[in-house]
Amino acid sequence: MSDAVPPDAQPPGPSSEAPSGRPLPPGGAEGRTPGGYAYTVVDDAAPPKPRRSVRLPSVEGAMLFRGLLGVSVLAALALIVFAVTQVRTGGGDGDVNAAVTNVLTTITFGQDQGDVRRFEGELPPGFPQDLPEYPGAEVVSSLVQTSGGDALYLAVWHTGDTRRDVADYFTRALDEDPWQLDAAQDGIDTTLHQFTRIDDANVAGVVAAAESEGGALTTIVVSMQIVSGADEARTDRPFVAGASKPLPEGFPSEVPAYPGATAIEALFQKQPGQTSFSLSFVTEDEPSDVLSFYREALEGQGLVVGDADAGASGIEDAEAIDFLDEETQLSGGVIVGTFERDSRLRRIRIEVRTLTSTGE
């Protein structure tokens, strides 16, 4: 097995198909850790790539710190350090940053709860500004996941200083008010510091550090959870929607796009006997105006429209209607509420299901 696999990511067994249904890469297999993180196991028979070796965090470290936060900092650190070491043999800083970005994308792939945003070269909104940062270290990449009222942060720095210097700094800095050092481990390959905030029980985190083989680069990973910290993470910056996404092919013409809204998400799924669509738009209009538009438009197409329960939608302050056309076997719903990334906007979610004969 490749040493790219973190200690808690042992594969469940060989597979000829990826969990997503996509073909497997040559000589490899995909899987997920018990925590839900995607990984690829590379067959030892595959042609090896020239690289430096890297030692990964120890099993003891994983046992001590695993499960503290929603994101496994040990798994993240192992993947990040491995990726960085791969490109240090000939790549520049841009290659290093791209490697970290790819790892963070892998870590968040398949995370279907909450809203995940990634930032390159900077920290996310709401990240505690008074958290000690290692002097001179470069912020490479970061992400924030908001779910309900909570926020989870993962941030990565690089420094040319040794892991010993980094460890000594955090041992001192995280044991000074308002921070409290709760646990630490200085292992052969990795240093970890677990901390809390003495004036706010809602804040807890882990700092992990490991250096590349030869000590040319030390990677610092901070994972932090802030209970009831989602508002600060969500509202610091206005959301820029960009170009509107096209509607999926086959989307029913009876259900119009909301005028002036920007389509930010589009999904369709074909199954035997039916096709499902899910669209999301953002608009500045009020929910009552949006629902009035859809009531009139859908009833004008001959559909039966009624009030619906939006309680399970996951959208704040949501209102909803549903619609049905038994003759054309078309059904679905429209949900409108506060957009989780920018409270000035409204998210419009449209769910549609069309039934087809099994012979089609």
Side-chain angles (χ1 to χ4, degrees), residues 1-10 33 35 37 39-40 49 51-69 71-89 91 93 95-107 123 131-143 153-174 181-195 205-224:
M1 297 281 179
S2 165
D3 57 1
V5 183
D8 63 339
Q10 296 303 317
T33 70
Y37 304 110
Y39 64 89
T40 299
K49 296 180 180 179
R51 57 177 175 84
R52 284 183 181 173
S53 62
V54 58
R55 293 187 296 269
L56 300 181
S58 66
V59 175
E60 291 78 6
M63 293 295 291
L64 177 61
F65 289 92
R66 180 187 298 148
L68 174 67
L69 302 176
V71 172
S72 171
V73 69
L74 265 297
L77 177 65
L79 290 170
I80 290 169
V81 173
F82 179 82
V84 169
T85 306
Q86 294 287 297
V87 300
R88 292 303 288 183
T89 55
D93 289 341
D95 295 328
V96 173
N97 296 354
V100 171
T101 296
N102 290 338
V103 170
L104 293 186
T105 300
T106 301
I107 292 170
L123 297 174
L131 181 71
E133 293 185 25
Y134 187 76
E138 172 194 2
V139 180
V140 179
S141 192
S142 63
L143 62 85
Y153 295 94
L154 183 68
V156 181
W157 286 261
H158 287 156
T159 178
D161 293 350
T162 66
R163 178 168 64 96
R164 177 76 273 145
D165 292 336
V166 172
D168 290 344
Y169 171 80
F170 282 108
T171 297
R172 297 189 304 269
L174 290 175
L181 185 61
D182 299 318
Q185 177 176 318
D186 192 3
I188 298 175
D189 308 309
T190 310
T191 303
L192 302 106
H193 294 82
Q194 179 178 324
F195 63 91
V206 171
V207 177
E211 58 191 358
S212 60
E213 190 71 20
L217 184 74
T218 297
T219 300
I220 304 168
V221 181
V222 173
S223 182
M224 179 178 294

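The chain is numbered in sequence order, starting from 1. Everything numeric here is computed off the predicted structure, so don't read it as measured data.
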Taking all non-hydrogen atoms of both residues into account, name the closest pair between A155 and L123 and its distance. CB-CD2, 3.8 Å
Hits for side-chain hydrogen bond (donor to acceptor under 3.5 Å, both in side chains) against Y169, two or more places apart or cross-chain, chain-then-number order -> none
Spacing of CG belonging to L174 relative to CG belonging to L181, to within rounding of 0.5 Å: 6.0 Å
Donor-acceptor under 3.5 Å (T218 side chain, D161 main chain): yes
Quick check: does any side chain N or O of E211 sit under 3.5 Å from a backbone N or O of R163, one acting as donor and the other as acceptor? yes
Output all residues satisfying side chain to side chain contact (heavy atoms under 4.5 Å, CB included) with R164, sequence neighbours left out; order by chain, then residue number. T162, A167, D168, D186
Please evaluate residues V166 and I220 with respect to the criterion side-chain contact (heavy atoms from CB on, under 4.5 Å), reporting the C-alpha separation (whole Å), side-chain torsions for both, the decisive distance (0.1 Å), and the verdict. CA-CA 8 Å; V166 172; I220 304 168; 3.8 Å; yes
In terms of heavy-atom contacts, V139 and W157 come closest through CG2-NE1, 3.0 Å
